[in-house]
Amino acid sequence: MDRVTEPAPKVEKSDAEWRAQLTPAEYQVLRQAGTEPAFVGGYTDTKTVGVYARRACGAELFRSEAKFESHCGWPSFFPPLAGDAIIERSDNSLFMRRVEVLCANCHSHLGHVFSGEGYDTPTDLRYCINSISMKLVPAEEQ
């Protein structure tokens, strides 16, 4: 996707503001398109019922019902709550073609989306999202 066609972020902060709000690890993933190590994220294996919100701006992203076991090392979901909640952008880094997933509100990096992998889900998509990019709000706290 051409960056020129992407909508402007609704949440805009300076680099200094992001650094003050986020831990160094969160900043590296969310603002520098990093990836947390596989199998270490807090939400990789959780079964808690609730809503996964975007860590940087707090907007809802996925419901726990859309989470599934992919055994890839990161939390996996089929499509997010709303199509306009994310931006999908071509990512040709690391010598491969992928589709990066960004928050539509603040343009923070969330992870990548993959298709055609053969998972038994309602869609042919796996949203592979860094745990550090989200915060889980359990159902009893909503």
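Given the structure is predicted, the values throughout are model-derived calculations rather than measurements. Starting from 1, each residue takes its place in the sequence as its number.
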Revision key, fill the gap. For R54, the side-chain hydrogen bond (donor to acceptor under 3.5 Å, both in side chains) test, sequence neighbours excluded, returns none

Review point. Is there side-chain contact between I129 and F62, with at least one heavy-atom pair below 4.5 Å?
Key: yes

Exercise for review: Could you pull out the closest heavy-atom pair between T44 and S131, with the gap in Å?
Suggested key: N-OG, 3.6 Å

Check your understanding: Under 4.5 Å between any side-chain heavy atoms of S64 and Y52, yes or no?
Key -> yes

Practice item. Measure the SG-CZ distance between C128 and F77 for me, rounded to the nearest 0.5 Å. Key: 10.0 Å

Point to revise | Shortest non-hydrogen separation from Y43 to L136 and the atoms involved | key: OH-N, 2.9 Å

**Study point:** Sequence-distant partners of F114, ring-ring contact (aromatic ring centres under 6.0 Å, His included), two or more places apart
**Key:** none

Review point. Looking at residues at least two apart in the chain, or sitting in another chain, which of them share a side-chain contact (heavy atoms from CB on, under 4.5 Å) with D15?
Key: R19, Y27

**Study point:** Qualifying residues under side-chain hydrogen bond (donor to acceptor under 3.5 Å, both in side chains), relative to S115, sequence neighbours excluded
**Key:** none

Check your understanding: Is the side chain of R55 donor-acceptor paired with the backbone N or O of M134 at a distance under 3.5 Å, no angle test?
Key -> yes

Review point. Tell me the salt bridge (Lys or Arg N to Asp or Glu O under 4.0 Å) pairs involving residues 66-78, sequence neighbours left out?
Key: K47-E69

Practice item. Answer whether the closest heavy-atom distance between the side chains of L110 and N130 falls below 4.5 Å. Key: no

**Study point:** Steps toward side chain to side chain contact (heavy atoms under 4.5 Å, CB included) verdict (E65, V49)
**Key:** CA-CA 7 Å; E65 296 83 21; V49 175; 4.1 Å; yes

Point to revise | F39: ring-ring contact (aromatic ring centres under 6.0 Å, His included) partners, not counting sequence neighbours | key: none

Review point. Of all residues at least two apart in sequence or in a different chain, which pass the side-chain contact (heavy atoms from CB on, under 4.5 Å) check with V137?
Key: E141, Q142

Exercise for review: Applying side-chain contact (heavy atoms from CB on, under 4.5 Å), name anything that partners A53, two or more places apart in sequence or on another chain.
Suggested key: K135

Exercise for review: Any chance you could pull the hydrophobic cluster mates of I132, using side-chain heavy atoms under 4.5 angstrom and chaining through other members?
Suggested key: V29

Revision key, fill the gap. Note: with side-chain heavy atoms under 4.5 Å as the link, the other cluster members for W74 come out as none

Review point. Under 4.5 Å between any side-chain heavy atoms of L22 and L30, yes or no?
Key: yes

Point to revise | Interatomic distance, E26 atom CD to E36 atom CD [nearest 0.5 angstrom] | key: 10.5 Å

Review point. What's the verdict on side chain to side chain contact (heavy atoms under 4.5 Å, CB included) for W18 and Q32, showing C-alpha distance, side-chain angles and the deciding distance?
Key: CA-CA 11 Å; W18 283 120; Q32 297 180 316; over 6 Å; no

Point to revise | Side chains of R126 and V113 in contact at under 4.5 Å (non-hydrogen atoms) | key: no

Review point. Rounded to the nearest 0.5 Å, how far apart are CD1 of I87 and SG of C103?
Key: 8.0 Å

Review point. Distance only, no hydrogens: is a donor on one side chain within 3.5 Å (strictly under) of an acceptor on the other, for H109 and E100?
Key: yes

Point to revise | Pairwise side-chain contact, R89 with V99, heavy-atom cut-off 4.5 Å (strictly under) | key: no

Revision key, fill the gap. Sequence neighbours excluded, the answer for side-chain contact (heavy atoms from CB on, under 4.5 Å) partners of T121 is F68, F78, Y119, T123

Practice item. Could you tell me the separation between the CD atom of Q21 and the SG atom of C57, rounded to the nearest 0.5 Å? Key: 9.0 Å

**Study point:** Under the side-chain hydrogen bond (donor to acceptor under 3.5 Å, both in side chains) test, residues paired with E17 that sit two or more places apart
**Key:** S14

